[in-house]
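Below is one structure, written out as structure tokens, with a few remarks after it.
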Amino acid sequence: MLPIDLTGKNAFVAGVADDNGYGWAIVKALAQAGATVRVGTWPPVYKIFNRSLSLGKLDMTLAGGGELQIEKIYPLDASFDVPEDVPVEVADDKRYKKLTSYTIQEVAEELKQDMGKGSLDILVHSLANGPEVQTPLVDTSRRGYLAAVGSSAYSLVSMVQRFGPYMGDEAAVVSLSYLAAEKVIPGYGGGMSSAKAALESDTRTLAYEAGRRWGLRINTISAGPLSSRAARAIGSIEKIVDYYKVNSALSGVNSALDVANAATFLCSPLAAGISGETLHVDKGYNVMGMTAEDQLGKE
Ligand code: NAD
């Protein structure tokens with residue numbers, strides 16, 4: 001047997017607010033492997049996520065038995081690095097007003113304090129935000145484009161910069177990308193394709209820079225489509241899921257569990273030689289050069 005054993009490891013998963021997305025699946029897989037998991041939740045959905053948890057509305061069962069324990073939930077807005085970045089209208093918004101310490105720097109400091117002497121072993125970036133995602137790139141405003149790249153790609157740079165100094169020697173960072181970084185996906189607009197391209201390129205450069213500086217391994221997973229809350233904002237996610245189902249190398253629907261297991265592997269010592277990689281976990285959709293629909297039933 002070659003198990004993934006993350007017992008004694010501290011993980012922080014940024015971008016969890018319900019039990020539908022990739023972040024949640026990754027939290028569960030990391031916990032199943034024995035890691036202590038803390039999560040970062042976007043302030044606008046922080047209260048509702050906490051309420052769902054306390055009302056027992058989320059699926060806490062771990063594959064193989066046992067219940068998920070989340071050590072702590074930190075409010076986190078990955079669009080802001082330090083408190084001075086937060087515009088007054090955001091700070092005064094009722095969903096933010098009662099919260100303190102939600103910028104990346106503040107969360108990094110709080111995590112460090114909370115973990116005491118222990119260091120952070122695993123950092124997962126599972127968040128994205130493109131206010132103009134439904135607008136074709138050619139019509140996207142500068143503001144919308146920069147917001148998408150800032151929240152969805154620079155946030156990884158900022159997290160590595162601020163969390164890196166106290167991450168352990170064999171620590172790992174994983175983020176979530178999408179095929180739109182490499183190929184045209186009609187409807188994935190607003191600069192989100194640009195943000196994913198930046199995320200993948202930054203994964204390589206950060207792998208070298210943070211690898212040499214702090215010994216971090218940094219990888220990204222180019223995940224197949226999943227009908228998460230964020231993906232539903234695109235407007236056509238169900239159609240994309242069906243399209244992948246028919247046209248991927250492997251049959252079956254793309255699964256959050258496949259992505260979560262791959263993320264857990266990348267964060268484990270079994271992946272000690274892997275850094276700077278974009279790993280496709282999409283049932284092999286990305287290798288196809290032609291639709292397969294016409295071939296159905298002929299193989
Ligand atoms: P999700 O809704 O579960 O996760 C996105 C999270 O980002 C949400 O919890 C949201 O609250 C959070 N978020 C948004 N803006 C934020 C901010 N400024 N600061 C902090 N958190 C913020 O949806 P998901 O689809 O599982 O997305 C997770 C990651 O997977 C994203 O990077 C997404 O681009 C990527 N991904 C998704 C798909 C898909 O089809 N769902 C495919 C490939 C990659």
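Note that ligands are numbered from 1 as they come in the structure, with each ligand's atoms numbered from 1 the same way.
Selection from G150, A180, G224 by nearest heavy atom to atom 42 (C) of ligand 1 gives G224. When the heavy atoms of N254, L176, T103 are ranked by distance to atom 29 (C) of ligand 1, first place goes to L176. When Y244, Y178, W42 are checked for heavy-atom proximity to atom 13 (N) of ligand 1, W42 turns out nearest. Atom 37 (C) of ligand 1 has its nearest heavy-atom neighbour, among Y22, F49, Y46, F80, in Y22. Of all the listed residues (A223, S227, A25, S177), S177 holds the heavy atom that lies closest to atom 44 (C) of ligand 1. For atom 27 (O) of ligand 1, the choice among G40, G21, S126 with the nearest heavy atom turns out to be S126.
The distance from ligand 1 to the heavy atoms of I237 drops below 4.0 Å at these ligand atoms: 40 (O). Listed by atom number, the atoms of ligand 1 under 4.0 Å from D77 heavy atoms are 17 (C), 18 (N), 19 (N). Residue S79 approaches ligand 1 through these ligand atoms, each under 4.0 Å from one of its heavy atoms: 18 (N). The contact set between ligand 1 and A17, taken as ligand atoms under 4.0 Å from a residue heavy atom, comprises 9 (O). Short contacts between ligand 1 and L76, defined as distances under 4.0 Å to a heavy atom of the residue, involve ligand atoms 19 (N), 20 (C). Which parts of ligand 1 touch G15 is read off a 4.0 Å heavy-atom cut-off, strictly below it: atoms 4 (O), 6 (C), 9 (O).
Contacts between V45 and ligand 1, counted as non-hydrogen atom pairs separated by less than 4.0 Å, involve the side chain only. Contacts between N129 and ligand 1 below 4.0 angstrom, taking non-hydrogen atoms only, involve the side chain exclusively. Using a 4.0 Å cut-off between heavy atoms, T41 makes no contact with ligand 1 at all.
For atom 41 (N) of ligand 1, the nearest non-hydrogen atom of the protein is L226 O, 2.9 Å. Protein heavy atom nearest atom 25 (O) of ligand 1, with residue, atom name and distance: S228 OG, 2.6 Å. Nearest non-hydrogen protein atom to atom 12 (C) of ligand 1 is L127 CB, 4.1 Å. Distance from atom 19 (N) of ligand 1 to its nearest protein heavy atom, with residue and atom name: A78 N, 2.8 Å. Here the protein heavy atom with the shortest distance to atom 2 (O) of ligand 1 is A230 N, 3.1 Å.
Considering backbone and side-chain atoms together, S151 places no N or O closer than 3.5 Å to any N or O of ligand 1. For the pair P225 and ligand 1, the shortest N or O to N or O distance does not fall below 3.5 Å. In terms of N/O distances under 3.5 Å, ligand 1 is not approached by G23. In terms of polar-atom proximity, defined here as any N/O pair under 3.5 Å, K196 does make such a contact with ligand 1.
Side-chain atoms of Y285 and N254 include no donor-acceptor pair closer than 3.5 Å. Residues Q161 and S158 have side chains that never bring a donor and an acceptor to within less than 3.5 angstrom of each other. In the model, S141 has a side-chain atom that pairs as donor or acceptor with a side-chain atom of E132 under 3.5 Å. E277 and T220 share no side-chain donor-acceptor pair at under 3.5 Å. Counting only N and O atoms by type, the side chains of S228 and R232 include no donor and acceptor under 3.5 Å apart. S222 and T278 are not linked by any side-chain donor-acceptor pair at a separation below 3.5 angstrom, with hydrogens and angles left out of the test. Side-chain N/O atoms of D77 and Y96 include a donor and acceptor closer than 3.5 Å.
Proximity of the aromatic rings of Y102 and Y46 is defined here by a centroid distance below 6.0 angstrom, and this criterion is not met.
Annotation: E89, atom CD; neighbour count of heavy atoms from other residues, nucleotides and ligands within 6.0 Å is above 12. The number of heavy atoms from other shown groups lying within 6.0 Å of CD (E109) is above 12. Atom OH of Y244 sits in a crowded spot, with more than 12 heavy atoms from other residues, nucleotides or ligands closer than 6.0 Å.
A salt bridge links K283 with D258: the closest approach of a Lys/Arg side-chain nitrogen to an acidic carboxylate oxygen falls below 4.0 angstrom.
There is a path of hydrophobic side-chain contacts, each under 4.5 Å, that joins V13 to L226.
Looking only at distances, a side-chain donor or acceptor of Q134 sits under 3.5 Å from a matching main-chain atom of A233.
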